[in-house]
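Working notes for the structure below.
Ligands are counted one by one from 1 in listed order, and the atoms in each one are counted from 1 as well. Below, each value reflects all heavy atoms present in this structure, side chains not excepted, and no hydrogens, waters or symmetry copies.
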Amino acid sequence: MRELQGRSILGINELTADEIRFILDTSHDFKRKWKTGELHEYLRGKSLAGIFATQSTRTSSSFETAMTALGGHMLWLDKSRIWAGTAAAESWPDTIRTLTRYVHGIAYRPVNRQMLDLTEELASVPVINASCPVEHPTQALADVMTMQEHGGGSVKKAKVALLWGYGELNPPCGLPNSTLAMATRMGFDVSIACPEGMDPDANYINAAMKESTAGGSKIEIVRSYEEATKDADFINVYSWVSPEIFAEGPETGYRGNPEFAKYKESLKDWCVTKDIVNTAPKSVKVMHCLPAAREEEVTSEVLDAPNSIIFDEAENRMHTIKALLALTLG
Ligand code: CP
(Lines give C-alpha, C1' and ligand atoms only; values in the text may rest on other atoms or scores of the structure.)
Protein backbone atom coordinates (compact mmCIF):
# COMPACT_ATOMS: atom_id res chain seq x y z
CA MET A 1 0.00 0.00 0.00
CA ARG A 2 1.32 3.45 -0.98
CA GLU A 3 1.67 5.92 1.84
CA LEU A 4 -1.36 8.16 2.18
CA GLN A 5 0.70 10.72 4.07
CA GLY A 6 1.44 13.75 1.88
CA ARG A 7 -0.90 12.63 -0.90
CA SER A 8 -3.66 14.64 -2.52
CA ILE A 9 -6.98 12.81 -2.86
CA LEU A 10 -8.95 13.95 -5.88
CA GLY A 11 -10.97 10.81 -6.56
CA ILE A 12 -11.87 7.32 -5.39
CA ASN A 13 -10.42 6.10 -8.68
CA GLU A 14 -6.91 6.88 -7.42
CA LEU A 15 -7.28 4.78 -4.25
CA THR A 16 -6.78 1.03 -3.92
CA ALA A 17 -9.18 -1.25 -2.06
CA ASP A 18 -6.63 -1.61 0.76
CA GLU A 19 -6.26 2.16 1.09
CA ILE A 20 -10.04 2.61 1.22
CA ARG A 21 -10.33 -0.10 3.89
CA PHE A 22 -7.60 1.62 5.91
CA ILE A 23 -9.39 4.99 5.69
CA LEU A 24 -12.69 3.36 6.69
CA ASP A 25 -11.15 1.44 9.62
CA THR A 26 -9.65 4.73 10.83
CA SER A 27 -13.05 6.44 10.40
CA HIS A 28 -14.79 3.84 12.59
CA ASP A 29 -12.04 4.20 15.20
CA PHE A 30 -12.39 8.01 15.19
CA LYS A 31 -16.17 7.75 15.48
CA ARG A 32 -15.82 5.49 18.51
CA LYS A 33 -13.31 7.91 20.07
CA TRP A 34 -15.56 10.88 19.33
CA LYS A 35 -18.57 9.17 20.94
CA THR A 36 -16.59 8.25 24.07
CA GLY A 37 -14.84 11.60 24.31
CA GLU A 38 -11.39 10.13 23.72
CA LEU A 39 -9.08 12.75 22.25
CA HIS A 40 -7.66 12.05 18.79
CA GLU A 41 -5.69 15.22 18.15
CA TYR A 42 -3.39 13.92 15.45
CA LEU A 43 -3.18 17.30 13.68
CA ARG A 44 -2.44 19.55 16.65
CA GLY A 45 -0.96 22.85 15.45
CA LYS A 46 -1.87 22.15 11.81
CA SER A 47 -4.09 24.25 9.56
CA LEU A 48 -6.29 23.47 6.59
CA ALA A 49 -7.49 25.98 3.99
CA GLY A 50 -11.13 25.23 3.19
CA ILE A 51 -11.89 26.87 -0.15
CA PHE A 52 -15.52 26.55 -1.23
CA ALA A 53 -16.48 28.12 -4.56
CA THR A 54 -20.09 26.95 -4.18
CA GLN A 55 -22.46 26.44 -1.27
CA SER A 56 -21.87 23.58 1.14
CA THR A 57 -23.45 22.64 4.45
CA ARG A 58 -22.18 19.12 5.16
CA THR A 59 -18.80 18.98 3.45
CA SER A 60 -17.58 22.36 4.71
CA SER A 61 -18.89 21.75 8.25
CA SER A 62 -17.34 18.29 8.27
CA PHE A 63 -13.92 19.58 7.25
CA GLU A 64 -14.10 22.35 9.84
CA THR A 65 -15.28 20.18 12.75
CA ALA A 66 -12.88 17.43 11.72
CA MET A 67 -9.94 19.83 12.00
CA THR A 68 -11.15 20.96 15.43
CA ALA A 69 -11.49 17.35 16.65
CA LEU A 70 -8.02 16.59 15.33
CA GLY A 71 -6.59 19.52 17.32
CA GLY A 72 -6.04 21.70 14.23
CA HIS A 73 -7.82 24.58 12.57
CA MET A 74 -9.59 25.24 9.29
CA LEU A 75 -9.50 28.64 7.61
CA TRP A 76 -12.87 29.20 5.96
CA LEU A 77 -12.05 30.84 2.63
CA ASP A 78 -15.06 31.63 0.53
CA LYS A 79 -15.07 34.41 -2.07
CA SER A 80 -15.86 37.04 0.55
CA ARG A 81 -12.47 36.43 2.20
CA ILE A 82 -9.93 36.13 -0.60
CA TRP A 83 -8.92 38.49 -3.40
CA ALA A 84 -9.08 35.91 -6.17
CA GLY A 85 -12.27 36.22 -8.15
CA THR A 86 -12.95 39.81 -7.00
CA ALA A 87 -12.30 43.08 -8.82
CA ALA A 88 -8.73 43.01 -7.52
CA ALA A 89 -8.43 39.67 -9.32
CA GLU A 90 -5.36 38.21 -7.67
CA SER A 91 -4.27 35.29 -9.79
CA TRP A 92 -5.13 31.78 -8.69
CA PRO A 93 -1.46 30.67 -8.76
CA ASP A 94 -0.49 33.59 -6.48
CA THR A 95 -3.36 32.72 -4.15
CA ILE A 96 -2.48 29.04 -3.86
CA ARG A 97 1.28 29.58 -3.61
CA THR A 98 0.68 32.09 -0.82
CA LEU A 99 -1.74 29.88 1.09
CA THR A 100 0.58 26.90 0.99
CA ARG A 101 3.10 28.95 3.01
CA TYR A 102 0.57 28.91 5.90
CA VAL A 103 -1.36 25.65 5.75
CA HIS A 104 -0.70 21.92 5.77
CA GLY A 105 -3.50 21.02 3.38
CA ILE A 106 -6.27 22.39 1.21
CA ALA A 107 -9.87 21.21 0.97
CA TYR A 108 -11.28 22.59 -2.25
CA ARG A 109 -14.75 22.60 -3.84
CA PRO A 110 -14.21 24.14 -7.28
CA VAL A 111 -16.71 24.97 -10.00
CA ASN A 112 -14.91 22.71 -12.45
CA ARG A 113 -12.38 19.90 -12.47
CA GLN A 114 -9.72 21.97 -14.26
CA MET A 115 -9.47 24.32 -11.27
CA LEU A 116 -9.02 21.36 -8.93
CA ASP A 117 -6.25 19.86 -11.08
CA LEU A 118 -4.56 23.27 -11.38
CA THR A 119 -4.70 23.76 -7.62
CA GLU A 120 -3.20 20.35 -7.02
CA GLU A 121 -0.37 21.16 -9.44
CA LEU A 122 0.34 24.50 -7.75
CA ALA A 123 0.08 23.36 -4.13
CA SER A 124 3.01 21.96 -2.21
CA VAL A 125 0.58 20.46 0.35
CA PRO A 126 -2.11 17.76 -0.09
CA VAL A 127 -5.32 18.87 -1.81
CA ILE A 128 -8.56 17.06 -0.95
CA ASN A 129 -11.46 17.19 -3.39
CA ALA A 130 -14.45 18.58 -1.48
CA SER A 131 -16.69 17.71 -4.48
CA CYS A 132 -16.10 18.59 -8.10
CA PRO A 133 -18.16 17.81 -11.21
CA VAL A 134 -16.20 14.58 -11.77
CA GLU A 135 -15.98 13.04 -8.27
CA HIS A 136 -17.25 13.47 -4.73
CA PRO A 137 -14.84 11.13 -2.94
CA THR A 138 -15.55 12.19 0.64
CA GLN A 139 -19.27 11.52 0.15
CA ALA A 140 -18.57 8.07 -1.28
CA LEU A 141 -16.39 7.23 1.75
CA ALA A 142 -19.15 8.30 4.16
CA ASP A 143 -21.71 6.29 2.20
CA VAL A 144 -19.69 3.10 2.49
CA MET A 145 -18.99 3.69 6.18
CA THR A 146 -22.75 4.06 6.72
CA MET A 147 -23.47 0.93 4.68
CA GLN A 148 -20.95 -0.99 6.81
CA GLU A 149 -22.69 0.18 9.99
CA HIS A 150 -26.13 -0.81 8.74
CA GLY A 151 -25.08 -3.89 6.80
CA GLY A 152 -23.37 -6.02 9.43
CA GLY A 153 -19.86 -4.64 8.92
CA SER A 154 -19.21 -5.63 5.32
CA VAL A 155 -20.46 -4.22 2.02
CA LYS A 156 -19.14 -7.08 -0.10
CA LYS A 157 -21.94 -8.43 -2.30
CA ALA A 158 -24.39 -5.79 -1.03
CA LYS A 159 -26.59 -4.22 -3.68
CA VAL A 160 -27.06 -0.45 -3.99
CA ALA A 161 -29.96 0.86 -6.06
CA LEU A 162 -28.84 4.35 -7.06
CA LEU A 163 -32.05 6.09 -8.08
CA TRP A 164 -32.13 9.30 -10.11
CA GLY A 165 -34.79 11.74 -8.91
CA TYR A 166 -36.25 14.86 -10.47
CA GLY A 167 -34.94 18.08 -8.89
CA GLU A 168 -34.76 21.77 -9.73
CA LEU A 169 -31.04 21.85 -9.00
CA ASN A 170 -28.90 20.33 -11.72
CA PRO A 171 -25.80 19.06 -9.90
CA PRO A 172 -23.10 17.16 -11.79
CA CYS A 173 -22.61 13.40 -11.49
CA GLY A 174 -19.62 13.39 -9.14
CA LEU A 175 -21.39 11.18 -6.60
CA PRO A 176 -22.55 8.49 -9.08
CA ASN A 177 -19.04 8.43 -10.56
CA SER A 178 -17.41 8.02 -7.12
CA THR A 179 -19.98 5.35 -6.20
CA LEU A 180 -19.09 3.36 -9.33
CA ALA A 181 -15.37 3.59 -8.56
CA MET A 182 -16.05 2.59 -4.95
CA ALA A 183 -18.22 -0.41 -5.91
CA THR A 184 -15.55 -2.19 -7.89
CA ARG A 185 -12.98 -1.62 -5.15
CA MET A 186 -15.22 -2.72 -2.27
CA GLY A 187 -17.07 -5.47 -4.15
CA PHE A 188 -20.67 -4.29 -3.99
CA ASP A 189 -23.24 -4.18 -6.80
CA VAL A 190 -24.70 -0.97 -8.18
CA SER A 191 -27.87 -0.75 -10.21
CA ILE A 192 -28.36 2.81 -11.48
CA ALA A 193 -31.92 3.72 -12.47
CA CYS A 194 -31.96 6.93 -14.47
CA PRO A 195 -33.72 8.32 -17.55
CA GLU A 196 -32.13 8.18 -20.99
CA GLY A 197 -29.77 11.12 -21.29
CA MET A 198 -28.85 11.24 -17.58
CA ASP A 199 -26.23 8.47 -17.49
CA PRO A 200 -23.17 9.27 -15.34
CA ASP A 201 -19.73 9.75 -16.92
CA ALA A 202 -19.08 7.10 -19.60
CA ASN A 203 -15.44 6.81 -18.45
CA TYR A 204 -16.58 5.76 -14.96
CA ILE A 205 -19.30 3.42 -16.26
CA ASN A 206 -16.91 1.71 -18.67
CA ALA A 207 -14.14 1.43 -16.06
CA ALA A 208 -16.57 0.03 -13.48
CA MET A 209 -18.02 -2.49 -15.92
CA LYS A 210 -14.54 -3.63 -16.93
CA GLU A 211 -13.27 -3.82 -13.34
CA SER A 212 -16.47 -5.43 -12.03
CA THR A 213 -15.69 -8.68 -13.82
CA ALA A 214 -12.43 -8.98 -11.90
CA GLY A 215 -13.78 -7.72 -8.58
CA GLY A 216 -17.02 -9.69 -8.67
CA SER A 217 -19.37 -6.72 -8.44
CA LYS A 218 -22.26 -6.24 -10.84
CA ILE A 219 -22.80 -2.81 -12.41
CA GLU A 220 -25.83 -1.98 -14.50
CA ILE A 221 -27.82 0.98 -15.82
CA VAL A 222 -31.59 0.44 -16.02
CA ARG A 223 -34.49 2.70 -16.97
CA SER A 224 -36.99 1.92 -14.23
CA TYR A 225 -36.86 2.07 -10.44
CA GLU A 226 -38.28 -1.44 -10.03
CA GLU A 227 -35.47 -3.07 -11.99
CA ALA A 228 -32.94 -1.46 -9.65
CA THR A 229 -34.72 -1.94 -6.32
CA LYS A 230 -35.20 -5.68 -6.83
CA ASP A 231 -32.98 -7.37 -4.17
CA ALA A 232 -31.51 -4.00 -3.10
CA ASP A 233 -29.95 -3.68 0.35
CA PHE A 234 -29.64 0.09 0.03
CA ILE A 235 -31.56 2.69 -1.93
CA ASN A 236 -29.54 5.84 -2.55
CA VAL A 237 -31.35 8.78 -4.17
CA TYR A 238 -29.70 11.64 -6.02
CA SER A 239 -30.64 14.14 -8.72
CA TRP A 240 -27.79 14.57 -11.14
CA VAL A 241 -27.37 15.61 -14.76
CA SER A 242 -25.15 13.91 -17.31
CA PRO A 243 -21.65 15.35 -17.91
CA GLU A 244 -22.80 16.43 -21.38
CA ILE A 245 -25.65 18.52 -19.95
CA PHE A 246 -23.53 19.90 -17.11
CA ALA A 247 -20.85 20.96 -19.59
CA GLU A 248 -23.35 23.32 -21.19
CA GLY A 249 -22.84 25.57 -18.18
CA PRO A 250 -24.61 26.86 -15.09
CA GLU A 251 -27.47 28.35 -17.10
CA THR A 252 -28.52 24.87 -18.19
CA GLY A 253 -32.05 24.40 -16.96
CA TYR A 254 -35.27 26.33 -16.94
CA ARG A 255 -33.81 29.78 -17.49
CA GLY A 256 -31.28 29.15 -20.22
CA ASN A 257 -32.44 26.32 -22.43
CA PRO A 258 -36.09 25.70 -23.37
CA GLU A 259 -35.30 22.29 -24.85
CA PHE A 260 -33.73 21.17 -21.60
CA ALA A 261 -36.66 22.58 -19.63
CA LYS A 262 -39.05 20.50 -21.76
CA TYR A 263 -36.94 17.41 -21.27
CA LYS A 264 -36.77 17.95 -17.48
CA GLU A 265 -40.53 18.54 -17.38
CA SER A 266 -41.03 15.08 -18.88
CA LEU A 267 -39.07 13.55 -15.99
CA LYS A 268 -41.22 14.83 -13.12
CA ASP A 269 -42.52 11.32 -12.40
CA TRP A 270 -39.03 10.27 -11.34
CA CYS A 271 -39.77 10.69 -7.64
CA VAL A 272 -38.91 8.00 -5.09
CA THR A 273 -42.07 7.30 -3.11
CA LYS A 274 -43.00 4.80 -0.42
CA ASP A 275 -44.50 2.55 -3.12
CA ILE A 276 -41.12 2.46 -4.86
CA VAL A 277 -39.30 1.66 -1.61
CA ASN A 278 -41.83 -1.15 -1.06
CA THR A 279 -40.61 -2.83 -4.27
CA ALA A 280 -37.31 -3.50 -2.47
CA PRO A 281 -36.87 -6.09 0.29
CA LYS A 282 -38.31 -5.03 3.68
CA SER A 283 -34.80 -4.74 5.14
CA VAL A 284 -33.75 -2.05 2.62
CA LYS A 285 -32.19 1.15 4.00
CA VAL A 286 -32.67 4.55 2.40
CA MET A 287 -29.76 6.93 1.84
CA HIS A 288 -29.39 10.44 0.43
CA CYS A 289 -26.28 12.61 0.46
CA LEU A 290 -28.43 15.74 1.10
CA PRO A 291 -29.48 18.41 0.41
CA ALA A 292 -32.66 16.69 -0.75
CA ALA A 293 -35.33 18.19 -2.97
CA ARG A 294 -38.19 16.92 -0.79
CA GLU A 295 -41.38 15.98 -2.69
CA GLU A 296 -39.52 16.39 -6.00
CA GLU A 297 -36.85 13.70 -6.17
CA VAL A 298 -37.98 11.81 -3.05
CA THR A 299 -40.89 12.18 -0.66
CA SER A 300 -40.57 13.21 2.98
CA GLU A 301 -42.44 10.02 3.84
CA VAL A 302 -39.43 8.09 2.50
CA LEU A 303 -36.73 10.37 3.94
CA ASP A 304 -38.28 10.42 7.43
CA ALA A 305 -39.21 6.71 7.59
CA PRO A 306 -37.62 4.44 10.23
CA ASN A 307 -35.45 2.74 7.58
CA SER A 308 -33.92 6.07 6.50
CA ILE A 309 -30.26 6.40 7.50
CA ILE A 310 -29.66 9.84 5.98
CA PHE A 311 -28.48 11.54 9.17
CA ASP A 312 -26.07 8.74 10.07
CA GLU A 313 -24.75 9.23 6.55
CA ALA A 314 -24.44 12.99 7.15
CA GLU A 315 -22.63 12.45 10.47
CA ASN A 316 -20.22 10.00 8.87
CA ARG A 317 -19.06 12.75 6.50
CA MET A 318 -17.18 14.18 9.49
CA HIS A 319 -15.63 10.90 10.64
CA THR A 320 -14.44 9.87 7.18
CA ILE A 321 -13.06 13.34 6.48
CA LYS A 322 -11.27 13.24 9.84
CA ALA A 323 -9.64 9.96 8.84
CA LEU A 324 -8.67 11.28 5.42
CA LEU A 325 -7.14 14.43 6.93
CA ALA A 326 -5.25 12.58 9.66
CA LEU A 327 -3.83 10.09 7.17
CA THR A 328 -2.84 12.60 4.49
CA LEU A 329 -1.79 15.62 6.59
CA GLY A 330 -0.51 13.76 9.66
N1 CP B 1 -23.59 16.10 0.39
C2 CP B 1 -22.95 17.28 0.26
O3 CP B 1 -21.90 17.38 -0.39
O4 CP B 1 -23.52 18.29 0.94
P5 CP B 1 -23.05 19.82 0.91
O6 CP B 1 -23.22 20.31 -0.51
O7 CP B 1 -23.95 20.50 1.89
O8 CP B 1 -21.60 19.89 1.31
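With 3.5 Å as the limit, one finds a donor-acceptor pair spanning the side chains of E135 and Y204. A donor atom on one side chain and an acceptor atom on the other are not found under 3.5 Å apart for T16 and D18. If you check the side chains of H319 and K322, you find a donor sitting under 3.5 Å from an acceptor.
Near R109, with a cut-off below 4.0 Å to any heavy atom, the atoms of ligand 1 are 3 (O), 5 (P), 6 (O), 8 (O). Atoms of ligand 1 lying under 4.0 Å from at least one heavy atom of C289, given by number and element, are 1 (N). Each of the atoms 1 (N), 2 (C), 3 (O) of ligand 1 lies under 4.0 Å from some heavy atom of R317.
Contacts between E313 and ligand 1 below 4.0 angstrom, taking non-hydrogen atoms only, are absent altogether.
Checking side-chain atoms of Y225 against main-chain N and O of W270 turns up a donor-acceptor pair under 3.5 Å. Judged by distance alone, with hydrogens and angles left aside, the side-chain atoms of R223 form a donor-acceptor pair with the main-chain N or O of C194 at under 3.5 Å.
Looking only at heavy atoms of the protein, atom 7 (O) of ligand 1 is closest to T57 N, 2.7 Å.
When each of T184, N206, N13 is tested with E211 by the rule side-chain hydrogen bond (donor to acceptor under 3.5 Å, both in side chains), just one qualifies, namely T184.
At least one N or O atom of L290 sits closer than 3.5 Å to an N or O atom of ligand 1.
Among H136, Q55, Q139, R58, the residue whose heavy atom lies closest to atom 3 (O) of ligand 1 is H136.
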